[in-house]
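To keep things clear, I will list the structure first and then write my remarks on it.
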There are 2 protein chains.
Amino acid sequence: MARWQPYPSERLVLAALDLFEERGYEKTTVMEIAERAGLTKSTFFRHFADKREVLFGGDTMAGLLADWIEMAPEGATALEAVAHALDAVGRQAFTPERREFSFRRRAVIGANPELQEREALKGLALTAAMTEALERRDTPALTACVAAQLGALALKIAYERWSHTLGDSDFGELARRTLRELQTTSEEL
Amino acid sequence: MARWQPYPSERLVLAALDLFEERGYEKTTVMEIAERAGLTKSTFFRHFADKREVLFGGDTMAGLLADWIEMAPEGATALEAVAHALDAVGRQAFTPERREFSFRRRAVIGANPELQEREALKGLALTAAMTEALERRDTPALTACVAAQLGALALKIAYERWSHTLGDSDFGELARRTLRELQTTSEEL
DNA sequence: TCGGTTGATGGGACCAAGTGCCATAACATG
DNA sequence: CATGTTATGGCACTTGGTCCCATCAACCGA
């Protein structure tokens, strides 16, 4: 029998999500998470920087968004580039098999301020990444800032809607529709 | 001689700011902060919920903004109500004598991710408070959301500019001008 | 097949954040 | 002067997080 079972960090994530749902985030210790995953506290902190990060691990999102913004067609406006990126990221990261996990994750985060704090920070990083990517496309600073802000907001709202969906709705389409709504809203201010 | 010196939490805040500047946030312990203020660790946690909160204490901002948004003139648009609130809050909270403190505080926060995380959370709370206040003025949900977002962004940018100012510039005017810039920017998206 | 190297894990000591409880000293009030 | 209230000090305790070292599985070359 192999002593090292495969996918240690995935096991840790699932164990953590289970326990957070059962007893709540605060009443769950890192040792308990590790034990349920068949590992130890030491190993937990080798895979995640801290207890919160176990729910924010696969953190390639900011980079992905930035890449896709830069790869958008030459003539595209700032918002079009953002829409392009949302669509691409939707296909890559928001696959149907991840929807249930996202739903459970959202509920746990919504129940705990400490986790919301981490999520807020990730949101800032996301906006910053998009802003910089737009600026590399020679979008003026303020325009980049506002477009990124609207993009992040659209992402957040779309994520909320998507994770509540029952059928296999396409995240990209949801996000693009949301972004258009936000755009018309901002024009009517 | 009185054993209880006045303004314990103010002393704690200043002691903390000093130490954070000297050795950095992480290398400063709560005990050191308390001792420099002539108090103890126990007392520190009686005044602040945690170590980070010592820099985010006077946290009436969200409430103030919400109040002023609701008190804005009847016929005002969402953005005008926000501008009204920014102006009022500027007079109340961003007084000239607080400018130097704000500058030092900003530098410390900018140097530490843990503090940026807390700031991000406060930012979310601010946006949420403004959104809800706008909705109580019968602003449609999406409009309220976008207007609050722009307001929060304007506040952030204006705060940055203001804390770097040397003269006694008026925060309210700065914020309103910033908000107008953001509005025209968003119209040209 | 064997022995050495590499990388992931286990384990324990350790520090600091944060909680809870209780004693006590200062303040206010009669 | 006696009494109750409030802020503080002090201590024990749990937990998150760091560091270091021993160990064990897997891989690799001879």
Side-chain angles (χ1 to χ4, degrees), chain A residues 1-20 22-57 59 108-109 111-119 121-122, chain B residues 1-20 22-57 59 108-109 111-119 121-122:
Chain A
M1 161 191 161
R3 170 175 171 189
W4 291 356
Q5 299 179 6
Y7 309 117
S9 38
E10 280 76 2
R11 271 156 48 213
L12 285 168
V13 172
L14 292 180
L17 192 58
D18 284 346
L19 287 168
F20 294 165
E22 288 176 20
R23 341 181 176 171
Y25 174 82
E26 313 224 0
K27 291 188 181 172
T28 305
T29 72
V30 171
M31 251 193 55
E32 291 169 337
I33 301 173
E35 277 175 9
R36 174 166 300 203
L39 295 168
T40 64
K41 189 180 140 188
S42 295
T43 306
F44 179 96
F45 284 111
R46 229 172 259 117
H47 285 273
F48 302 102
D50 55 49
K51 186 182 170 188
R52 293 152 228 114
E53 201 66 13
V54 74
L55 288 189
F56 296 89
D59 206 348
V108 170
I109 293 177
N112 186 281
E114 204 170 327
L115 291 172
Q116 290 164 32
E117 206 169 2
R118 177 57 51 87
E119 195 179 37
L121 186 63
K122 299 288 182 183
Chain B
M1 163 190 160
R3 171 171 172 188
W4 291 358
Q5 298 180 6
Y7 308 117
S9 38
E10 281 76 3
R11 271 156 47 214
L12 285 168
V13 172
L14 292 179
L17 192 57
D18 283 348
L19 286 167
F20 293 165
E22 289 175 18
R23 344 182 172 170
Y25 173 81
E26 311 225 358
K27 292 187 180 174
T28 305
T29 72
V30 171
M31 250 193 54
E32 290 169 337
I33 300 173
E35 276 174 11
R36 174 167 300 203
L39 295 168
T40 63
K41 189 180 137 187
S42 295
T43 305
F44 179 96
F45 285 111
R46 228 172 259 117
H47 285 273
F48 301 101
D50 55 48
K51 186 182 170 188
R52 293 151 227 114
E53 201 67 13
V54 73
L55 288 188
F56 297 88
D59 205 348
V108 169
I109 293 177
N112 187 281
E114 205 171 323
L115 292 171
Q116 290 165 31
E117 205 168 3
R118 178 58 50 88
E119 194 179 38
L121 186 63
K122 299 289 182 180

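Every chain is numbered from 1 and lettered A, B, ... according to where its sequence line falls, protein lines coming before strand lines.
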| Length of the line joining B:Leu12:CG and D:dT8:C1', which is rounded to integer Å | 12 Å
| task | Tell me whether the OP1 or OP2 atom of D:dA7 has a side-chain N or O from B:His47 closer than 4.0 Å. | result | no
| Looking at residues at least two apart in the chain, or sitting in another chain, which of them share a salt bridge (Lys or Arg N to Asp or Glu O under 4.0 Å) with B:Arg23? | B:Glu32
| field | Heavy-atom check, side chain of B:Val54 versus side chain of B:Phe20, under 4.5 Å | value | yes
| query | For the atom pair CG (B:Leu115) and CZ (B:Phe56), what is the distance rounded to the nearest 0.5 Å? | reply | 5.5 Å
| task | Report yes if the side chains of B:Asp50 and B:Arg118 come closer than 4.5 Å at any heavy-atom pair, otherwise no. | result | yes
| note | Under a 4.0 Å heavy-atom cutoff, the residues of residues 32-40 of chain B touching DNA chain D are B:Gly38, B:Leu39, B:Thr40
| note | Closest heavy-atom pair, A:Ser9 versus A:His47, reported as atoms and distance to 0.1 Å, is CB-ND1, 3.6 Å
| field | Results of salt bridge (Lys or Arg N to Asp or Glu O under 4.0 Å) for B:Glu26 - residues two or more places apart only | value | none
| task | Select base, sugar-phosphate, or nothing to describe what A:Ser9 touches, counting heavy atoms under 4.0 Å on all strands. | result | nothing
What's touching nucleotides 17-20 of chain D from the protein side, N or O pairs under 3.5 Å?
residue : atom : partner : partner atom : Å
D:dG17  : OP1  : A:Arg52 : NH2          : 3.1
D:dG17  : OP2  : A:Lys51 : N            : 2.7
D:dG17  : N7   : A:Lys41 : NZ           : 3.3
D:dG17  : O6   : A:Lys41 : NZ           : 2.7

| request: Counting Watson-Crick and G-U wobble pairs whose two distances are both under 3.5 Å, find the runs of 3 or more in a row that involve DNA chain C. | output: C:1-30 with D:1-30
| request: State, to 0.1 Å, how close B:Arg11 and B:Pro6 come at their nearest heavy-atom pair, and which atoms those are. | output: NH1-O, 3.1 Å
| field | Rounded interatomic separation in angstrom, taking NZ from A:Lys27 and P from C:dG18 | value | 19 Å
| said: If you define the side chain from C-beta out and look only at heavy atoms, does anything of B:Met31 sit under 4.5 Å from B:Phe44? | reply: no
| query | Atom CH2 of B:Trp4 to atom P of D:dT5: distance rounded to whole Å? | reply | 14 Å
| field | Whole-Å gap separating P (D:dG16) and CD (A:Glu53) | value | 16 Å
| field | Euclidean distance, atom CE of residue B:Met31 to atom C1' of C:dG18 [Å, nearest integer] | value | 15 Å
| field | Counterpart residues, ring-ring contact (aromatic ring centres under 6.0 Å, His included), relative to B:Phe45 (two or more places apart) | value | none
| If you take all heavy atoms of B:Pro113 and A:Leu121, which pair is closest and at what distance? | O-CD2, 4.3 Å
| d(OH, B:Tyr7; P, D:dT8) in whole Å | 14 Å
| request: Could you tell me whether a side-chain N or O of B:Lys51 sits under 3.5 Å from a main-chain N or O of B:Tyr25, the two making a donor and an acceptor? | output: yes
